[in-house]
There are 2 protein chains.
Amino acid sequence: MRIVLNKKDMNMRQTRQKEAILSVVHGEGIHMTAEEIFAAVQEKEPGIGLATVYRNLKSLCDAGIIQKVTAEDRSFYDGCGDPHDHFLCTECGKIEDVPSFESRELNSFLTKQIRGKVHRHASVYFGICEDCLGERDRKITS
Amino acid sequence: MRIVLNKKDMNMRQTRQKEAILSVVHGEGIHMTAEEIFAAVQEKEPGIGLATVYRNLKSLCDAGIIQKVTAEDRSFYDGCGDPHDHFLCTECGKIEDVPSFESRELNSFLTKQIRGKVHRHASVYFGICEDCLGERDRKITS
DNA sequence: CTTCGTGCAAATTATTTGCATGGCA
DNA sequence: TGCCATGCAAATAATTTGCACGAAG
């Protein structure tokens, strides 16, 4: 299927390479590093350059279609441009989306702490995911 | 003054370079990039190598004396190793410490979202700081 | 047709590592 | 004295940029 770009992207040209990249990274729950994306796109669009991948990832981020997230010195591209947070399993390295926590309490806390205006935030939670917890129990029990 | 290292650092040797680095980066409200630290340490300890700065920053992080924070593709070292969050002014680039927000509501939210265990988190708030807001008002008024 | 996107290689930037030597414990 | 830390230079890793050419609008 052809992914139709929207208003925000008026200034960008529709190319085979961009469509291939978009088809790989766009979507909920997708978190890939630049190299992973490069490898995956290779299959759909052999001969594509790494620089092209980086250039497109950047413009897709600028357009708000995807976003770049950095945690623990590792960067990955999140297929969803809408604001949300992340959970990173320190055991298996898996990344999961988490909706942003919002509350009146948090807002008043921030207003008190930061005298200025907060526009957005980026949070990453670190811990052990459900699967890895299960894995541990299994080892202990057996 | 000589900064005395504690238990956590038993395995590290006390050197002039380490003390110089520590005297530059250790403390609340200090947020510097590796290059800034390198430049500042030069003055106290001329001839120190950039690699030494990086090596010491890493071991100080491992020891929990300081911590590395990355936001918007920029990394800086936070002079305080205790967990807390940050506010970054997108206008002037200033970074401020913010205590971590904790609440029962947030905990139950996270438990519901992430079926695993959360051990820590890293949050960066983006916005306009008090000073830059004032600056804007002044421009509009005048 | 004109302008922008692409591929490739070279350039940057940030950080790490190998090695011989010097200095803490 | 023994071993870890340092300085320097070279090595990596991740990302960006210059340039000539091909393709989108």
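- Distance, A:Ile21 CD1 to C:dT6 C1': 10 Å, rounded to whole Å.
- C:dG22 atom P lies 14 Å from atom CZ of B:Arg16, rounded to whole Å.
- Separating the CD atom of A:Glu45 from the P atom of D:dG22 is a distance of 17 Å, rounded to the nearest angstrom.
- A centroid separation of 6.0 Å or more is found between the aromatic rings of B:His119 and A:Phe126.
- What separates NZ of A:Lys18 from C1' of D:dG22 is a distance of 16 Å, to the nearest Å.
- Contact between the side-chain N/O atoms of A:Thr15 and the OP1/OP2 oxygens of D:dA23 is not found at any separation under 4.0 Å.
- Comparing C:dA25, D:dG7, C:dT6 by their nearest atom to the side chain of B:Arg13 picks out C:dA25.
- Listed for the B:Ser75 side chain is no donor-acceptor partner under 3.5 Å among the backbone atoms of B:Thr70.
- Aromatic ring centres of A:Phe109 and B:Phe101: separated by under 6.0 Å.
- Using a 4.0 Å cut-off, some side-chain N or O of A:Gln17 falls inside it from OP1 or OP2 of C:dG7.
- Distance CD (A:Gln14) to C1' (C:dG5): 13 Å, rounded to an integer number of Å.
- Classification of A:Lys112 and A:Glu105 as a salt-bridged pair fails, no side-chain N sitting under 4.0 Å from a carboxylate O.
- A salt bridge links B:Arg120 with A:Glu72; the closest basic N to acidic carboxylate O contact falls under 4.0 Å.
- Here the P atom of nucleotide C:dG22 and the CD1 atom of B:Ile48 are 18 Å apart, to the nearest Å.
- Looking only at distances, a side-chain donor or acceptor of B:His84 sits under 3.5 Å from a matching main-chain atom of B:Asp82.
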Contact state string [nucleotides 9-20 of chain C, B base, S sugar-phosphate only, - no protein heavy atom under 4.0 Å]: B----SBBBB--

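- Following rounding to the nearest Å, B:Phe38 (CZ) and D:dT6 (C1') show an atom-to-atom distance of 13 Å.
- The pair A:Lys68-B:Asp73 meets the salt-bridge criterion, since a charged nitrogen lies less than 4.0 angstrom from a carboxylate oxygen.
- The interatomic distance linking B:Asp62 (CG) with D:dA5 (P) rounds to 12 Å, in whole Å.
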